> 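Here it is, the structure, as structure tokens.
In this chain, residues are counted from 1 in sequence order. Everything numeric in this text was worked out from a predicted model, so none of it was measured. All values below come from the heavy atoms of this structure, side chains included, with hydrogens, waters and symmetry mates left out.
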Amino acid sequence: MADDLVRGRDPGPLAGVPVGIKDLLSTKGIRTTSGSWVYRDHIPDEDNIVVERVLVAGAICLGKTNTSEFGYSATGLNPLFPATRNPWDTASSPGGSSAESAAAVAAGLGPAALGSDGRCSVRAPAALCGLVGVKPSMGRVPVYPGCRDERLPGVSGWESVEHIGPLTRTVADAALLLSVLAGPDPRDRHSIPCGDVDWIAAAGDGGARPDSMAGLRVGFSADFGYLPVDPVVRAVVERTVREVVAGQLGCRVEPVRPGWSDPAAAFYALVMAESDLSGMRAMADTHADRMSPHLVTWLRGPWTAQDLTDANIARKALVNAMARLMRDHDVLITPTTAVPAFPVGLHGPGTIDGTPVSDSTWIGLNYPANLTGQPAVSIPAGWTGTGLPVGLQIIGRHLADETVLRLAAAIEAVAPWAHRRPPISTAAAEPAIRG
């Protein structure tokens, strides 16, 4: 980059921008642990495609950011490193599994970081940390070697649900990153051409004009009809939808009740079907005492062929129901997560609105867009009375990434959030970027 500047050549659209790299994304010659003791000394022999692309665009790799073990939890807890903390409240979790990618950007250690999202892992930490987190359409951003390297049990799963996307403070910054990340690559059989999307324009002045959204058809669901949602989260998101999306932007908002049942069980079976179950079970047989207990329990479950085929049928039913819903709506808006940040060290809040829940219920609003591959973004909807961020999720039609970014940018234009900074105590917080 320095040589390009000296010689008057274009140093790239990300010249000099420090970018955090999630520790699930391989970095050639730089340790990539995937949050696992088993891979504590793993040095990849190639960069992930997205790492290649940001470096060619002039970015500086600020460091690797902490994640849950192999991404199998929606927090940053793993057996190898200290728990990641939320800059808005260091006693709270930042979500995950792109935990330190979100915490680093929220704390101001850098303007952007890369995360991966197999069920929530860009959007959930964006919501809990007051950031923009984009899960682009399936195939927009290629994934390799993660999900596809058969040599690495634990790293090689989640192929049909995994997406890579940016975590930033603003929609425009996320769009800039996507303009670098998107585009096909033969190493990812799901990757697709992206010439139909002008990422920069979608978040620019034209896309962000409040009047540009007038008449957009918005379906709104606070809970999909089956999930408990914290009343404060519900109130913050409903107010933003009412006052900003409908009131200031002039969108046509209609309450909807999506026609599918909770896909959580099907989702986990699909992940098992796409994982190297033999390799991971062998790993657990040897190293169970050094692996995340919930992951070992999951691997040792009595999975059957019928569990896996039933999950495929459930996914098809969800995709069809979503397609029917989106015929009449340009976007679907929900809260991103069912709760704001909960205490660090936990995998979930335990209860939501007085209801005992599993550790994954709080991210239940995220699963559908991973199973369908539709674009989705989380942006700040507001803050709780105690100062914790609340996220709003925008899900677009199949391949309608541009619409999602345009609406997110328009909301930001009339209800900006980037000026808000967490009252972090650097003495209490864990370091967010690991070199």
> Side chain to side chain donor-acceptor pair (under 3.5 Å), that's the test. Do Thr65 and Ser101 meet it? Break it down for me.
CA-CA 5 Å; Thr65 58; Ser101 285; 2.7 Å; yes

> Do Ile379 and Ile394 have side chains that approach each other closer than 4.5 Å (heavy atoms only, starting at C-beta)?
yes

> Donor-acceptor pair, Asn78 side chain versus Thr67 backbone, under 3.5 Å?
yes

> Is it true that the side chains of Thr384 and Thr386 contain a donor and an acceptor less than 3.5 Å apart?
yes

> Just by distance, no angles: are the side chains of Glu69 and Ser36 close enough, under 3.5 Å, to form a donor-acceptor pair?
yes

> Is it the case that the side chains of Asp401 and Ser137 hold a donor-acceptor pair, with the cut-off being a distance below 3.5 Å and no angle test?
yes

> To the nearest 0.5 Å, what is the distance between OG (Ser26) and CG (Asp45)?
8.0 Å

> Closest heavy-atom contact between Pro13 and Val180?
CG-CG2, 3.8 Å

> Take Val344 and Thr84 through the test side chain to side chain contact (heavy atoms under 4.5 Å, CB included) and record every step on the way to the result.
CA-CA 8 Å; Val344 71; Thr84 306; over 6 Å; no

> Using the side chain to side chain contact (heavy atoms under 4.5 Å, CB included) rule, take Val54 and Leu181 through it: C-alpha gap first, then chi angles, then the decisive distance, then the call.
CA-CA 7 Å; Val54 296; Leu181 300 174; 3.7 Å; yes

> Ser93 side chain to Pro343 main-chain N or O, any donor-acceptor pair under 3.5 Å?
no

> Does the side chain of Thr168 come under 3.5 Å of the side chain of Thr170 through a donor N or O and an acceptor N or O?
no

> Test: ring pair (Phe, Tyr, Trp, His ring centres under 6.0 Å). Region: residues 107-156. Which pairs qualify, not counting sequence neighbours?
none

> Looking only at heavy atoms, what is the nearest atom pair of Trp88 and Pro423, with distance?
CE3-CD, 3.9 Å

> For the aromatic rings, using the six-membered ring if either is Trp, is the centroid distance between Phe224 and Trp260 under 6.0 Å?
yes

> Sort and list the pairs that fulfil side chain to side chain donor-acceptor pair (under 3.5 Å) and have at least one residue in residues 309-324, not counting sequence neighbours.
Ser160-Arg315

> If you measure only the distance, is there a donor-acceptor pair under 3.5 Å linking the side chains of Thr32 and Thr27?
yes

> So His163 and Val141, do their side chains get closer than 4.5 Å, heavy atoms only?
no

> Is the shortest side-chain heavy-atom distance between Ile395 and Pro375 below 4.5 Å?
no

> Identify, with sequence neighbours excluded, every residue that meets side chain to side chain contact (heavy atoms under 4.5 Å, CB included) alongside Pro111.
Val17, Pro18

> Starting at CD1 of Ile49, measure out to CD of Glu46 and round the result to the nearest 0.5 Å.
9.0 Å

> Could you tell me whether Arg187 and Glu52 have a side-chain N and a carboxylate O separated by less than 4.0 Å?
yes

> Any donor and acceptor pair, going by atom type alone, linking the side chain of Ser191 with main-chain N or O of Pro142 inside 3.5 Å?
no

> Hey, does the side chain of Thr361 reach the backbone of Val357 with a donor-acceptor pair shorter than 3.5 angstrom?
no

> CD/Glu274 to CG/Leu308 distance, rounded to the nearest 0.5 angstrom?
10.5 Å

> I'd like to know whether Met326 forms a side chain to side chain contact (heavy atoms under 4.5 Å, CB included) with Leu332, so could you lay out the CA-CA distance, the side-chain angles of the two residues, the decisive distance to 0.1 Å, and finally the verdict.
CA-CA 8 Å; Met326 299 306 287; Leu332 173 63; 4.2 Å; yes

> Kindly indicate whether the side chain of Val134, heavy atoms from C-beta on, has any atom under 4.5 Å from the side chain of Val122.
no

> For Ala284 versus Leu299, what's the shortest heavy-atom pair and its separation?
CB-CD1, 4.3 Å

> Examine distances only and state if a side-chain atom of Lys135 and a backbone atom of Glu162 form a donor-acceptor pair shorter than 3.5 Å.
no

> Indicate yes or no: at least one non-hydrogen side-chain atom of Leu216 is less than 4.5 angstrom from one of Val331.
yes

> Would you check if the side chain of Asn86 reaches a backbone N or O of Leu388 as a donor-acceptor pair within less than 3.5 Å?
no

> Give me the atom names and distance for the closest heavy-atom approach of Gly279 to Pro153.
C-CB, 3.8 Å

> Indicate the atoms forming the closest heavy-atom contact of Leu405 with Ala175, along with that distance.
CD1-CB, 4.5 Å

> With a 4.0 Å cut-off, would you call Asp276 and Arg281 a salt bridge?
no

> Looking at every heavy atom in both Glu159 and Cys147, which two are closest together, and how far apart are they?
CA-CB, 4.0 Å

> Between Arg53 and Asn48, does any side-chain donor sit less than 3.5 Å from a side-chain acceptor?
no

> Between Thr240 (side chain) and Ala381 (backbone), is there a donor-acceptor pair under 3.5 Å?
yes

> Could you check whether Phe81 and Trp37 have their ring centres less than 6.0 Å apart?
no

> Show your reasoning for whether side chain to side chain contact (heavy atoms under 4.5 Å, CB included) applies to Asp230 and Thr337.
CA-CA 9 Å; Asp230 184 282; Thr337 60; over 6 Å; no

> Between Trp417 and Trp383, does the ring centre distance come in under 6.0 Å?
no

> Kindly indicate, with the supporting measurements, whether the criterion side chain to side chain donor-acceptor pair (under 3.5 Å) is fulfilled by Ser378 and Gln393.
CA-CA 4 Å; Ser378 179; Gln393 176 179 224; over 6 Å; no

> Quick one, Ile43 and Ile30 - any side-chain contact, counting heavy atoms below 4.5 Å?
no

> May I ask you to decide if Tyr226's main-chain N or O and Asp223's side chain share a donor-acceptor pair within less than 3.5 Å?
no

> Go through the steps to decide whether Arg148 and Asp188 satisfy the test salt bridge (Lys or Arg N to Asp or Glu O under 4.0 Å), and finish with yes or no.
CA-CA 8 Å; Arg148 292 175 169 82; Asp188 179 351; 2.8 Å; yes

> Evaluate ring pair (Phe, Tyr, Trp, His ring centres under 6.0 Å) for Trp362 paired with Phe342, printing each intermediate quantity in order.
CA-CA 10 Å; Trp362 69 280; Phe342 48 85; 4.9 Å; yes

> Listing request: all side chain to side chain donor-acceptor pair (under 3.5 Å) pairs with a residue in residues 11-24, at least two apart in sequence or in separate chains.
Lys22-Ser97, Lys22-Ser98, Lys22-Ser116, Asp23-Thr33, Asp23-Lys64

> May I ask you to check whether over 12 heavy atoms, not counting those of His287, lie within 6.0 Å of atom NE2?
yes

> Hydrogens and angles aside, do Thr304 and Gln306 bring a side-chain donor and acceptor to less than 3.5 Å of each other?
no

> Mind checking side chain to side chain contact (heavy atoms under 4.5 Å, CB included) for Ala102 and listing every partner two or more places apart, or none if nothing turns up?
Pro125, Cys129, Leu131, Leu167

> OG1 of Thr334 to CZ of Arg123: how many Å apart, nearest 0.5 Å?
8.5 Å

> Using the ring-ring contact (aromatic ring centres under 6.0 Å, His included) criterion, which residues pair with His347? Sequence neighbours excluded.
His294

> Side chains of Val245 and Val218, heavy atoms from C-beta outward: is any pair under 4.5 Å?
yes

> Are Tyr72 and Met291 packed together at the side-chain level, in the sense that at least one heavy-atom pair is separated by less than 4.5 angstrom?
no

